[in-house]
Amino acid sequence: MAKKILTLSIIYKNNKILLGMKKRGFGEGRWNGFGGKVEDKEDIKEAARRELREEAGIFAKELEEVGIINFEFKNNPEILEVHFFKADNFEGEPLETEEMKPRWFRVKEIPFEEMWPDDKYWIPLFLDNKRFKGKFLFRDMDKIVDFSLKEVTVL
(Lines give C-alpha, C1' and ligand atoms only; values in the text may rest on other atoms or scores of the structure.)
Protein backbone atom coordinates (compact mmCIF):
# COMPACT_ATOMS: atom_id res chain seq x y z
CA MET A 1 0.00 0.00 0.00
CA ALA A 2 1.19 3.51 -0.81
CA LYS A 3 1.65 5.88 2.11
CA LYS A 4 1.22 9.65 2.13
CA ILE A 5 2.79 11.60 5.03
CA LEU A 6 0.70 14.50 6.34
CA THR A 7 0.68 16.91 9.28
CA LEU A 8 -2.07 18.31 11.49
CA SER A 9 -1.39 21.11 13.98
CA ILE A 10 -3.68 22.55 16.62
CA ILE A 11 -3.03 25.62 18.73
CA TYR A 12 -4.14 25.00 22.33
CA LYS A 13 -3.93 27.95 24.69
CA ASN A 14 -5.90 29.22 27.70
CA ASN A 15 -8.38 26.34 27.56
CA LYS A 16 -9.22 27.15 23.92
CA ILE A 17 -8.24 25.49 20.67
CA LEU A 18 -7.83 27.08 17.27
CA LEU A 19 -9.55 25.18 14.48
CA GLY A 20 -10.15 26.07 10.86
CA MET A 21 -13.22 25.59 8.71
CA LYS A 22 -11.95 23.86 5.59
CA LYS A 23 -13.19 25.85 2.61
CA ARG A 24 -12.04 23.60 -0.25
CA GLY A 25 -10.50 20.23 -1.04
CA PHE A 26 -10.27 17.15 1.17
CA GLY A 27 -12.36 17.68 4.31
CA GLU A 28 -14.26 20.68 2.93
CA GLY A 29 -17.02 21.87 5.27
CA ARG A 30 -15.41 20.46 8.43
CA TRP A 31 -13.63 22.09 11.36
CA ASN A 32 -10.11 20.74 11.60
CA GLY A 33 -6.58 21.51 12.64
CA PHE A 34 -4.17 23.02 10.14
CA GLY A 35 -1.99 20.80 8.01
CA GLY A 36 -1.36 18.97 4.83
CA LYS A 37 1.11 17.03 2.75
CA VAL A 38 4.80 16.82 3.58
CA GLU A 39 6.68 17.77 0.44
CA ASP A 40 9.63 15.74 -0.92
CA LYS A 41 12.78 16.26 1.17
CA GLU A 42 10.84 18.38 3.69
CA ASP A 43 11.15 17.74 7.43
CA ILE A 44 7.79 16.77 8.99
CA LYS A 45 7.94 19.50 11.64
CA GLU A 46 8.89 22.12 9.04
CA ALA A 47 5.94 20.98 6.91
CA ALA A 48 3.67 21.49 9.92
CA ARG A 49 5.05 25.03 10.39
CA ARG A 50 4.63 25.81 6.69
CA GLU A 51 1.04 24.59 6.65
CA LEU A 52 0.16 26.68 9.74
CA ARG A 53 1.55 29.76 8.02
CA GLU A 54 -0.20 29.01 4.71
CA GLU A 55 -3.57 28.09 6.21
CA ALA A 56 -3.82 30.41 9.25
CA GLY A 57 -1.15 33.09 8.76
CA ILE A 58 0.67 32.28 12.01
CA PHE A 59 4.15 31.04 12.91
CA ALA A 60 4.43 28.44 15.68
CA LYS A 61 7.52 29.15 17.78
CA GLU A 62 7.46 25.63 19.21
CA LEU A 63 5.68 22.58 17.87
CA GLU A 64 5.44 19.37 19.87
CA GLU A 65 4.64 16.15 18.04
CA VAL A 66 2.00 14.36 20.10
CA GLY A 67 0.55 11.66 17.88
CA ILE A 68 0.63 9.55 14.73
CA ILE A 69 -2.50 8.05 13.22
CA ASN A 70 -2.83 6.03 10.01
CA PHE A 71 -6.07 6.62 8.13
CA GLU A 72 -7.38 4.20 5.54
CA PHE A 73 -10.47 4.45 3.37
CA LYS A 74 -12.16 1.34 1.96
CA ASN A 75 -11.53 0.93 -1.77
CA ASN A 76 -8.53 3.30 -1.62
CA PRO A 77 -5.09 1.66 -1.42
CA GLU A 78 -3.38 4.78 -0.01
CA ILE A 79 -2.63 5.08 3.72
CA LEU A 80 -2.61 8.60 5.16
CA GLU A 81 0.00 8.76 7.93
CA VAL A 82 -0.84 11.91 9.89
CA HIS A 83 1.61 13.44 12.38
CA PHE A 84 -0.18 15.52 15.02
CA PHE A 85 1.40 18.63 16.54
CA LYS A 86 0.46 20.88 19.43
CA ALA A 87 1.52 24.50 19.89
CA ASP A 88 0.70 27.21 22.39
CA ASN A 89 3.27 29.83 21.48
CA PHE A 90 2.95 31.55 18.11
CA GLU A 91 3.49 34.81 16.30
CA GLY A 92 0.84 36.67 14.34
CA GLU A 93 -2.93 36.72 14.40
CA PRO A 94 -4.95 33.90 12.82
CA LEU A 95 -6.23 35.06 9.43
CA GLU A 96 -8.73 33.62 7.00
CA THR A 97 -7.06 32.23 3.89
CA GLU A 98 -8.32 30.73 0.64
CA GLU A 99 -8.31 27.31 2.29
CA MET A 100 -9.27 27.85 5.95
CA LYS A 101 -11.34 30.13 8.17
CA PRO A 102 -9.80 30.01 11.69
CA ARG A 103 -11.83 30.29 14.89
CA TRP A 104 -11.14 29.82 18.59
CA PHE A 105 -13.30 27.33 20.50
CA ARG A 106 -13.54 26.79 24.25
CA VAL A 107 -12.72 23.17 25.04
CA LYS A 108 -16.30 22.51 26.18
CA GLU A 109 -17.63 23.91 22.88
CA ILE A 110 -15.54 21.90 20.39
CA PRO A 111 -17.90 21.29 17.42
CA PHE A 112 -17.35 17.53 17.13
CA GLU A 113 -20.54 17.12 15.05
CA GLU A 114 -18.93 19.30 12.34
CA MET A 115 -15.54 17.56 12.44
CA TRP A 116 -14.07 14.26 11.23
CA PRO A 117 -15.67 11.37 13.19
CA ASP A 118 -12.28 10.23 14.58
CA ASP A 119 -11.60 13.58 16.31
CA LYS A 120 -13.79 12.74 19.32
CA TYR A 121 -11.46 9.81 20.07
CA TRP A 122 -8.01 11.45 19.89
CA ILE A 123 -8.74 15.06 20.91
CA PRO A 124 -9.32 14.12 24.59
CA LEU A 125 -5.82 12.56 24.63
CA PHE A 126 -4.45 15.69 22.92
CA LEU A 127 -6.10 17.95 25.53
CA ASP A 128 -4.71 15.79 28.38
CA ASN A 129 -1.15 16.23 27.07
CA LYS A 130 -0.89 12.56 26.19
CA ARG A 131 0.91 11.03 23.23
CA PHE A 132 -0.99 8.62 21.04
CA LYS A 133 -0.80 6.25 18.10
CA GLY A 134 -3.65 4.74 16.19
CA LYS A 135 -5.33 3.55 13.05
CA PHE A 136 -8.77 4.36 11.65
CA LEU A 137 -10.51 2.60 8.77
CA PHE A 138 -13.31 4.57 7.11
CA ARG A 139 -16.10 3.57 4.78
CA ASP A 140 -16.92 6.65 2.72
CA MET A 141 -15.96 9.88 4.52
CA ASP A 142 -18.26 9.70 7.54
CA LYS A 143 -18.31 6.13 8.82
CA ILE A 144 -15.56 4.56 10.94
CA VAL A 145 -15.54 0.81 10.28
CA ASP A 146 -12.71 -0.09 12.65
CA PHE A 147 -10.10 1.67 14.76
CA SER A 148 -7.44 1.28 17.40
CA LEU A 149 -6.01 4.11 19.48
CA LYS A 150 -3.64 3.94 22.40
CA GLU A 151 -1.66 6.22 24.64
CA VAL A 152 2.10 5.84 24.19
CA THR A 153 5.17 7.25 25.89
CA VAL A 154 7.31 7.43 22.73
CA LEU A 155 6.12 8.04 19.18
Side-chain angles (χ1 to χ4, degrees), residues 3-73 78-136 138 141 147 149-155:
K3 191 178 272 194
K4 184 189 268 185
I5 309 296
L6 301 145
T7 66
L8 189 78
S9 299
I10 295 179
I11 307 295
Y12 178 45
K13 190 171 187 165
N14 300 326
N15 213 29
K16 292 181 181 177
I17 66 169
L18 183 66
L19 299 173
M21 172 55 73
K22 185 82 158 127
K23 294 165 55 176
R24 65 178 189 195
F26 188 72
E28 181 178 351
R30 297 181 197 253
W31 291 103
N32 203 356
F34 304 90
K37 187 176 180 231
V38 176
E39 302 294 339
D40 288 338
K41 299 181 183 175
E42 186 177 35
D43 176 82
I44 293 172
K45 189 178 278 190
E46 287 311 309
R49 272 202 176 86
R50 175 182 52 75
E51 290 285 350
L52 261 175
R53 185 175 298 258
E54 289 175 3
E55 294 183 349
I58 58 177
F59 175 77
K61 292 182 180 181
E62 295 176 30
L63 278 175
E64 177 187 5
E65 188 170 6
V66 297
I68 300 172
I69 297 178
N70 287 323
F71 293 95
E72 295 181 44
F73 295 84
E78 186 173 59
I79 296 172
L80 304 179
E81 180 182 290
V82 180
H83 293 252
F84 292 79
F85 292 89
K86 178 188 274 190
D88 63 3
N89 192 1
F90 63 93
E91 293 176 352
E93 285 296 318
L95 301 171
E96 184 170 351
T97 63
E98 289 182 14
E99 195 164 344
M100 300 285 268
K101 180 178 180 178
R103 181 173 154 199
W104 288 101
F105 290 91
R106 288 188 184 99
V107 167
K108 292 184 178 183
E109 297 169 351
I110 295 172
F112 287 112
E113 67 284 349
E114 298 174 62
M115 298 171 74
W116 284 97
D118 58 277
D119 292 353
K120 65 184 174 191
Y121 296 103
W122 63 262
I123 284 181
L125 295 171
F126 174 93
L127 296 172
D128 285 342
N129 292 315
K130 300 197 171 152
R131 287 177 167 45
F132 52 89
K133 280 189 175 181
K135 176 181 172 182
F136 284 84
F138 279 80
M141 301 295 269
F147 78 96
L149 183 66
K150 63 182 177 182
E151 183 182 339
V152 297
T153 53
V154 178
L155 292 176

Visitor: Output the distance between atom CG (Asp88) and atom CD1 (Ile17), rounded to the nearest 0.5 Å.
Guide: 13.5 Å

Visitor: Within the structure provided, determine whether Val107 and Tyr12 are in side-chain contact (heavy-atom separation under 4.5 Å).
Guide: yes

Visitor: Measure the acute angle between the ring planes of Phe26 and Phe73, then classify it against the limits of 30° and 60° as parallel, tilted or perpendicular.
Guide: perpendicular

Visitor: Would you mind telling me which of Val152, Asn70, Ile69 makes a side-chain contact (heavy atoms from CB on, under 4.5 Å) with Lys133?
Guide: Val152

Visitor: If we only count heavy atoms from C-beta on, is the Asp118 to Phe71 side-chain gap below 4.5 Å?
Guide: yes

Visitor: Please find the pair of heavy atoms, one from Glu98 and one from Arg24, that lie closest to each other, and give the distance.
Guide: OE1-NH1, 3.2 Å

Visitor: Name the one of Glu99, Glu55, Glu96, Glu28 that satisfies salt bridge (Lys or Arg N to Asp or Glu O under 4.0 Å) with Lys23?
Guide: Glu96

Visitor: May I ask you to test the Glu64-Arg131 pair for a side-chain heavy-atom distance under 4.5 Å?
Guide: yes

Visitor: Are more than 12 heavy atoms from other residues, nucleotides or ligands located less than 6.0 Å from atom CD of Glu113?
Guide: yes

Visitor: Nearest heavy-atom pair of Trp104 and Pro94: which atoms, and what distance?
Guide: NE1-CG, 4.2 Å

Visitor: What do the steps show when you test Ile123 against Met115 for side-chain contact (heavy atoms from CB on, under 4.5 Å), and what is the final call?
Guide: CA-CA 11 Å; Ile123 284 181; Met115 298 171 74; 3.6 Å; yes

Visitor: Which heavy atom in Leu19 sits nearest to a heavy atom in Phe105, and how many Å separate them?
Guide: CD1-CD1, 3.8 Å

Visitor: Tell me which pairs pass side-chain hydrogen bond (donor to acceptor under 3.5 Å, both in side chains) where either residue lies in residues 33-44, with sequence neighbours left out.
Guide: Glu42-Arg50

Visitor: To the closest 0.5 Å, what do you measure between NZ (Lys3) and CD (Glu78)?
Guide: 11.5 Å

Visitor: Might you point out which heavy atoms bring Phe126 and Phe85 nearest each other, and give the distance in Å?
Guide: CE1-O, 3.8 Å

Visitor: Just do the side-chain contact (heavy atoms from CB on, under 4.5 Å) check on Ile11 and Leu52 with the steps written out, would you?
Guide: CA-CA 10 Å; Ile11 307 295; Leu52 261 175; 4.2 Å; yes

Visitor: Hey, what do you get for NZ (Lys135) to CG (Leu149), rounding to the nearest 0.5 Å?
Guide: 13.5 Å

Visitor: Less than 4.0 angstrom from a charged side-chain N to a carboxylate O is my criterion; do Glu65 and Lys45 meet it?
Guide: no

Visitor: Once rounded to the nearest 0.5 Å, what's the spacing between atom NZ of Lys86 and atom NZ of Lys13?
Guide: 13.5 Å

Visitor: Given side chains that start at C-beta, do those of Phe136 and Trp116 come closer than 4.5 Å, heavy atoms only?
Guide: no

Visitor: Below 4.5 Å, heavy atoms only, C-beta onward: do Leu8 and Trp122 meet side chain to side chain?
Guide: yes

Visitor: Main chain of Lys61, side chain of Arg49: is a donor-acceptor contact present, judged purely on distance under 3.5 Å?
Guide: yes

Visitor: When rounded to the nearest 0.5 angstrom, what is the spacing between CZ in Phe34 and NZ in Lys22?
Guide: 11.0 Å

Visitor: If you take all heavy atoms of Leu155 and Val66, which pair is closest and at what distance?
Guide: CD1-C, 3.8 Å

Visitor: Do you know which two heavy atoms are closest between Leu18 and Pro102, and how far apart they sit?
Guide: CD1-CB, 3.9 Å

Visitor: Does Glu81 pair with Lys4 as a salt bridge, N-O distance under 4.0 Å?
Guide: no

Visitor: Let me confirm one number: the CG-CG distance from Leu63 to Asn89, rounded to the nearest 0.5 Å.
Guide: 10.5 Å

